[in-house]
Amino acid sequence: MKFKNILGCAMLFSGLMLASTSCKEDSLPDFVHSDNREVKLENTGFTSSGDQALVVLAANGDWHVSRKDEWLHISHESGTRGRHNLFISADANTSSKSRLGFIEIDMAGKTEQFAVTQNGFDYVLELDKTDISLTIDGVAAIHGSETLTITANAPWSITIPADCSWLKATPSSGEAGETQVVFSAEENTTGADRQVALSVMEGDVGKGFNVVQSGTRIVFDDMIAGYVYFHDDMAWATGGNDQVGSINGSASSTLPIYNAANAAIKTEFDKRYFDFNASGSSVYAADGYLKFGKGSHQNAFMLKEPLGIAAGKKANVAVTFRLAKNGTDNFTASVAIDGPGEIEGAVNEDKNLSSPCVPVNNSDKTINWQWKEFSVNISGVTSETKIIIGETQYIIDGFKTRSGYYRGFIDDIKVTRIDN
């Protein structure tokens with residue numbers, strides 16, 4: 001009998017233990033967990049592969065999204081016990097700056113949070129100049145000074161303030177790509193220059209530029225056709241041989257003006273010209289003219305002194321000179337200007353570079369090398385106009401030398417007034 005009671009108690013205790021164990025298995029602690037707490041999106045609102053970001057959520061109860069930045073999107077915002085694939089995307093980020101947002105999941109007071117970082121838009125915005133210059137009549141002060149070339153990779157716009165109703169930009173907005181904007185203005189009757197600072201805006205990125213309209217009308221000066229503004233017969237450039245005047249250029253002894261022994265000649269040169277390649281030491285005095293260029297060194301000269309045109313006035317001029325090439329070197333020269341004016345027959349859109357002046361190809365070795373006369377007309381020059389004469393490709397390349405021989409001779413430079 002006692003044995004049966006003991007056995008009965010043992011069986012009852014065992015049953016209680018099993019019941020207790022079974023209740024613990026059915027009462028697991030609450031949990032909610034995501035496999036990724038740091039989501040990264042491109043400015044488009046998707047991943048770098050163009051997809052929505054995937055977050056796997058595991059929960060053992062009902063859950064819902066309790067917090068979310070408004071620019072974030074999630075495939076579903078509530079669910080029941082189990083594993084769920086949540087797909088995350090975002091509105092496009094049109095700012096150049098990245099942004100950070102959060103999504104928070106709540107399950108019966110227990111939360112899980114993950115961050116979403118979205119890159120900003122990589123704007124590209126380039127302007128070809130920072131100054132627009134207009135005359136008193138509202139047109140280009142010099143060729144091209146009324147245009148602004150905008151290169152962008154997104155839509156852009158220019159806003160002109162209401163108090164600048166005298167100014168117009170065409171077009172004032174555009175799409176990605178390269179666009180040329182033309183500025184024009186009403187006649188300036190204020191008697192003074194007027195100026196406004198503007199910006200091209202692309203998203204939240206902007207680049208500034210200035211528009212200036214003259215308050216003074218530029219008119220032609222009073223000089224008659226034939227008046228000489230500048231003349232250099234180069235009688236000072238002596239001491240060397242007349243190489244051009246010798247058979248096949250055989251009298252080749254010329255004086256390097258950058259040599260200390262020829263400092264007096266260099267002083268005369270410096271009174272008149274600026275050498276863009278002074279470091280190349282490649283200018284030589286011949287017999288009343290100059291030779292310029294040597295192996296891997298080319299030159300261009302700028303007239304140093306203003307032309308003497310009265311302030312507020314302009315003139316049409318002819319730049320004349322004579323050239324010879326060193327034998328059969330592939331040498332040509334061009335005239336360029338910096339500042340007001342347009343070159344007749346220019347080869348570029350800015351109208352500030354002449355077509356190449358091609359000297360005689362001295363291929364006949366039984367005769368003297370030959371000179372050839374050239375004339376380049378320039379309209380609308382002022383006292384601010386700089387005139388440059390030099391080896392063509394050297395000017396085109398931005399005054400950079402290149403390998404090879406491109407040698408020439410120059411003489412008798414003159415700037416003369418021509419008809420309006």
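Just so you know, these numbers use all the heavy atoms, side chains as well, and skip hydrogens, waters and symmetry mates. Residue numbers start at 1 and run along the sequence shown.
For Y289, the side chain to side chain donor-acceptor pair (under 3.5 Å) test picks out D242, with sequence neighbours left out. I218 pairs by the side-chain contact (heavy atoms from CB on, under 4.5 Å) definition with K314, not counting sequence neighbours.
Around the CG atom of N85, the shell of radius 6.0 Å holds more than 12 heavy atoms that belong to other residues, nucleotides or ligands. Counting non-hydrogen atoms of neighbouring residues, nucleotides and ligands closer than 6.0 angstrom, the NZ atom of K400 reaches no more than 12 such neighbours.
Minimum interatomic distance between K271 and E268 (heavy atoms only, all atoms of both residues): NZ-OE2, 3.0 Å. Here the closest non-hydrogen pair linking L353 and A336 is CD1-CB, 4.0 Å. Of all non-hydrogen atoms in W63 and T80, the two that sit nearest each other are NE1-O, 3.4 Å. Pairing each heavy atom of K313 with each of D221, the nearest pair is CD-CA, 3.7 Å.
Looking at T147, its side chain does come within 3.5 Å of a backbone N or O of G144 through a donor-acceptor pair. Under a 3.5 Å cut-off, the side chain of D106 and the backbone N or O of S66 do not form any donor-acceptor pair. In this structure a side-chain-to-backbone donor-acceptor pair under 3.5 Å is present from S354 to V335. The backbone N or O of P340 sits less than 3.5 Å from a side-chain atom of T385, completing a donor-acceptor pair. Distance alone, capped at 3.5 Å, places no donor-acceptor pair between the D137 side chain and the E187 backbone. Of the possible donor and acceptor atoms, one in the side chain of N262 sits under 3.5 Å from a partner among the backbone N and O of P256. Between the N43 side chain and the S98 main chain, no donor and acceptor come within less than 3.5 Å of each other.
Atom CD1 in I389 sits 11.5 Å away from atom CZ in F374 (nearest 0.5 Å). Interatomic distance, OG of S282 versus CD of E391, reported as 11.0 Å (0.5 Å rounding). Atom OG in S199 sits 9.5 Å away from atom CD1 in I158 (nearest 0.5 Å). Here CG of D91 is found 9.0 Å from CH2 of W71. Values are rounded to the nearest 0.5 Å.
Under 4.0 Å is where a charged nitrogen must lie from a carboxylate oxygen, and between R99 and D69 no such pair does. A salt bridge is absent between R194 and E186; no separation between the charged side-chain nitrogens and carboxylate oxygens falls under 4.0 Å. With respect to K207 and E126, a salt bridge is recorded, a charged nitrogen being found less than 4.0 Å from a carboxylate O. Contact check on D412 versus R322 returns no salt bridge, with no Lys/Arg side-chain nitrogen under 4.0 Å from an Asp/Glu carboxylate oxygen.
A donor-acceptor pair shorter than 3.5 Å can be found between the side chains of S34 and E112. Residues N299 and D275 have side chains that bring a donor and an acceptor to within less than 3.5 angstrom of each other. If you check the side chains of T392 and S334, you find a donor sitting under 3.5 Å from an acceptor.
For the pair R407 and F409, the cation-pi criterion (under 6.0 Å, within 45° of the ring axis) is not fulfilled.
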For salt bridge (Lys or Arg N to Asp or Glu O under 4.0 Å), just list the numbers for D232 and R272, CA-CA rounded to whole Å, side-chain angles, deciding distance to a tenth of an Å, and then say yes or no.
CA-CA 8 Å; D232 182 14; R272 298 163 174 85; 3.7 Å; yes
Under the criterion salt bridge (Lys or Arg N to Asp or Glu O under 4.0 Å), I'd like the reasoning laid out for D270 against K266: C-alpha separation, chi angles, the key distance, then a yes or no.
CA-CA 6 Å; D270 287 342; K266 174 66 162 47; 2.7 Å; yes
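Between H76 and H84, the two ring planes are perpendicular [angle over 60°; tilted spans 30° to 60°].
For the ring pair (Phe, Tyr, Trp, His ring centres under 6.0 Å) with F292, the qualifying choice from Y406, F331, F269 is F331, the only one to do so.
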